[in-house]
Amino acid sequence: MTDSYKVSHWKQYPPGTETVYSNFESRGGKWNDIVFFGLQYLLEKYLESWRVTQPNILEAADLLKNHIGHFNSEGWYHILDKHNGHLPVSIKAVPEGTVVPVHNVLMTIENTDPKCYWLTNYLETLLVQTWYPCTVATQSREMKKILLDYLNITGTPADIDFKLHDFGFRGVSSVESAGIGGAAHLVNFKGTDTLAGIVLAEKYYAANMPGFSIPAAEHSTITSWGRDKEVDAFRNMLDQYPKGLVAVVSDSYNIYNACRNLWGIELKDKVISRDGTVVVRPDSGDPITTVIHVLDALGENFGTVKNKKGYKVLPSQLRIIQGDGIDIVMMQRILDNMYMRGYSADNIAFGSGGGLLQKLDRDTCKFAFKCSSVTVNGEERDVWKDPITDSGKKSKRGKLKLIKTEDGFKTVRNTEQGDDNLVEVFRDGKILVRHTFDEIRERAKI
Ligand code: AOY
């Protein structure tokens, strides 16, 4: 679980190196605040559950002999013999769910055995993978802020939890990513179709059913009825789910005909007398104009009323969900266009797949892990990089702590005044602190 070149690094530190101390930060990307999330999963799945054994060492030696021709066999046997195979490192991190401004330290790691100075940065590869859950949780929280802004002006902010539904399972690179990203979205919302995220949040964060969904059609269940029987497919949805929420994708042939004539005339009375809400889902076309045209088309026959805030809203039995082409930018544009045309944000929920879980990378928030202190022959020294070719890549110096001031979090040297918000979560092979999903949600609350 490391990069090839790292197996060569044990020979590259200065002679007498006893401690390598490194830190993890966002060097400032798309947003100003980071939601820290996902370390506990990585620690439990990949570090705590695992011990070095002699067969591991032999397997690694064999693999690396042919791959790179270098391996620190003696170093790993030392971990096996002196530490019973447990990794002699200390990891400190801000509690998960904490919202921390960019450029602050989020996590630190150092070796606890001077013979294992090389182990600190060996673990960079694995630990930096927290960039993904941190970025998903951070972006999903920014989307929540935007939704809340429009709900505050035009509708019902109390409905926020179900306004951004995770459609992303199929659009991510792996089942594991769906689990991690899906759980990260659930830090901020409760609507999801990514079951892997629920399973992960329950298993690694003691969540108790953190996400919910509703019956919903897909194109196959509508188009199987035949082109001229779309209305029967819709009616069947109402008959099969006579109460509560039900979502029906309605663009198989002509979304506007479906809204005006099928929903708006043929099934109108059934929808209005129904004990629940039918959610019409467009799934094609330019999302900005399609949403307005669908609202207009539904409004023609169902009518709209002005809510207390003065914005048009469809009858409570009828809503829409836009799940095609949604990323943070498109969601804001749609909400803004609705607002300008007098439509309440109460009319709509969003689905997001690739835009929520996959259209981001480590540079979205510029996450980096860098050494900031070493001890060599008993002497502690600052370590940093400061490339003339990119001042944004300048790294922090020294041993750090994250303190809280009147202006919020601040990263300072660990010799300065103030309580450290970094908590030791892992030491010598053991997880020391576990956060629950409820605590994480509470910390990340807006
Ligand atoms: N789900 C709300 C519940 C979910 C979905 C999942 C890809 C839902 C659709 C819906 O209403 O329409 C993965 C595309 C859609």
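As the structure lists them, so they are numbered: ligands from 1, and atoms in each ligand from 1.
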Exam field: side chain [X] to backbone [Y], donor-acceptor pair closer than 3.5 Å:
X: R319; Y: D346; value: yes
X: N84; Y: H86; value: no
X: D166; Y: D193; value: no
X: S22; Y: N121; value: no

Parallel under 30°, tilted from 30 to 60°, perpendicular over 60°: which one fits the rings of F189 and H185? parallel
Would you please classify the geometry between the F24 ring and the F367 ring as parallel, tilted or perpendicular, with 30° and 60° separating the classes? parallel
Please identify which atoms of ligand 1 are closer than 4.0 Å to at least one heavy atom of [X].
X: A247; result: 10 (C), 11 (O), 12 (O)
X: H165; result: 3 (C), 4 (C)
X: I214; result: 2 (C), 3 (C)

Suppose we measure from [atom] to each protein heavy atom; which comes out shortest, and what is that distance?
atom: atom 12 (O) of ligand 1; answer: R281 NE, 3.2 Å
atom: atom 13 (C) of ligand 1; answer: R170 NH2, 3.6 Å
atom: atom 10 (C) of ligand 1; answer: A216 CB, 3.5 Å

Hey, is S213 one of the residues with a heavy atom under 4.0 angstrom from ligand 1? yes
Which of these, F162, F169, F167, has its nearest heavy atom closest to atom 9 (C) of ligand 1? F167
Name the option, out of D283, V246, D193, that contains the heavy atom nearest to atom 6 (C) of ligand 1. D193
Is D420 salt-bridged to K401, going by a charged N under 4.0 Å from an acidic O? no
